[in-house]
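Counting convention: from 1, in listed order, for ligands and their atoms alike.
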Amino acid sequence: MLPTIAREDDVVVMIDQRKLPAQEVYVRCKSASDVARAIRTMVIRGAPAIGVAAAMGLALGMRKSSATGTQKFAAEFQKSCDLMAATRPTAVNLFWAIERMKRCFAEAAQAGQSVDQIKDRLDREAQLIHDEDVQSCRAMGAYGAEVVPADARVLTHCNAGALATAGYGTALGVIRGAVEQGKRVMVFADETRPFLQGARLTAWELVRDGIPTTVITDNMTAALMRKMPIDLVVVGADRIAANGDTANKIGTYGVAVLAREHKVPFYVAAPLSTIDMNTPDGDHIPIEERNAREVSHVGSSQLAPEGASIWNPAFDVTPHEYIAGIITERGIYRAPYIESLKAAFANPGH
Ligand code: MRU
């Protein structure tokens, strides 16, 4: 399986996703602030992977703390949490992971554990978040495979694969799950301007797995859907509001509109940690705006002239009525999402 992120004794190692597919190089983060920088600069990206990175970064930072008393140690921990929380605003998995690490810290401190014992607890919790993410992706893959026909053409947007998670992937997990069940899947990967996660990362992962993959530019989706039958669209998510509205990579909403026009079912695959029941609807999801240079340039080549204003929102929101189902590690939730998602959280065994 792809090594997206791993903890070694005194470093967090991650594959540099900015360099793929041309170069396979690894970044070794030696501190919490190194990890925060890696998240901010997209060395690692994708909602679940960002959450895992934050948890591992917090555990690493505290492991390296020289504080001997719990009070100073707690103050340093809070500072690191704030640093992580300021990296990227949209993917709720980041905040979910930070909250989980905070709970773990508080429980250990309340139980009167020493600084060294708390360090061990944080290490274990971060690894657990990592391992659970892989398990969730595999479960999502098995549930999601049900909606993939035996001979399928599937379109995806951005990269919701092993690289965007601790491993296996959400949307690509569904594709992998279907392939593991013996289904024949052809994938169409939108290139995903401006960061090109589809062309660079999704295609790289799928080609490595031997899954037939065709890369298209984002403006070819309508023509593709008109020209040949596409069986389904499956994408990941950065934050799903309580009513099912889903923030995902910019361009996802356009794909959903086209899917509806061409009667192609549009699925979202995401772990429960991506569902934010405290955000009522898509209008309340904070959307990150990134550097203009990502749009004005490709690599070092300038495309747009100096003086042109640039708008670069990293995500858009697909309204819930476009979504045929939300594939999670507990099964597929259907409309009305306001009820089905509420039930998912009210009944953890559901
Ligand atoms: O800006 P990115 O690359 O972090 O955006 C990633 C996406 O939008 C993914 O589709 C989403 O995080 C789901 S990843 C399983």
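- Between the side chains of Arg45 and Asn159, at least one donor N or O lies within less than 3.5 Å of an accepting N or O.
- Side-chain contact, Gln127 with Asp123: no donor N or O sits under 3.5 Å from an acceptor N or O.
- Polar contact check, Asn248 against ligand 1: a nitrogen or oxygen pair lies under 3.5 Å apart.
- Close approach of ligand 1 to Gln197 is summarised as follows: ligand atoms under 4.0 Å from at least one heavy atom of the residue are 1 (O), 2 (P), 3 (O).
- No heavy atom of Glu288 sits closer than 4.0 Å to any atom of ligand 1.
- One finds a salt bridge joining Arg28 and Glu8 here, because a Lys/Arg side-chain nitrogen approaches an Asp/Glu carboxylate oxygen to under 4.0 Å.
- The atoms of ligand 1 that sit less than 4.0 Å from any heavy atom of Cys158 are 6 (C), 7 (C), 8 (O), 9 (C), 10 (O).
- Interface atoms of ligand 1 facing Ala164, defined by a heavy-atom separation under 4.0 Å, are 14 (S), 15 (C).
- Two residues are said to be in side-chain contact when any heavy atoms from C-beta on lie closer than 4.5 Å; Leu58 and Cys81 meet this criterion.
- Taking all heavy atoms of Met140, Lys249, Arg45 into account, the minimum distance to atom 1 (O) of ligand 1 is reached by Lys249.
- Figure legend: cation-pi geometry between Lys102 and Phe77 absent, as NZ or CZ is not positioned both under 6.0 Å from the six-membered ring centre and within 45° of its axis.
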(message) Lys79 vs Asp82, test: salt bridge (charged side-chain N to carboxylate O under 4.0 Å, His left out). Steps then yes/no.
(response) CA-CA 5 Å; Lys79 231 172 119 184; Asp82 294 346; over 6 Å; no
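- Those atoms of ligand 1 that come under 4.0 Å of a heavy atom in Arg88, given as number and element, are 1 (O), 2 (P), 4 (O).
- Nearest to atom 7 (C) of ligand 1 among the protein's heavy atoms is Asp238 OD1, 3.2 Å.
- A salt bridge is absent between Arg153 and Asp231; no separation between the charged side-chain nitrogens and carboxylate oxygens falls under 4.0 Å.
- Within the 4.0 Å heavy-atom shell around ligand 1 one finds Met42.
- With hydrogens and angles left out, the side-chain atoms of Asn219 and Thr217 include a donor and acceptor closer than 3.5 Å.
- In this structure, Ala91 has no heavy atom closer than 4.0 Å to ligand 1.
- Of all the heavy atoms of Ala237, the ones lying under 4.0 Å from any atom of ligand 1 belong exclusively to the backbone.
- Proximity of Phe315 to ligand 1 is established by a heavy-atom distance of less than 4.0 Å.
- Contacts between Ala160 and ligand 1 below 4.0 angstrom, taking non-hydrogen atoms only, involve backbone and side chain alike.
- Cation-pi geometry between Arg208 and Trp204 is met: under 6.0 angstrom from the ring centre, within 45 degrees of the axis.
- Phe315 has its ring centre no less than 6.0 Å from the ring centre of Tyr253.
- Protein heavy atom closest to atom 15 (C) of ligand 1, with residue, atom name and distance, is Thr170 OG1, 3.1 Å.
- Contact atoms of ligand 1 toward Ala47: 12 (O), 14 (S) (distance under 4.0 Å to a heavy atom of the residue).
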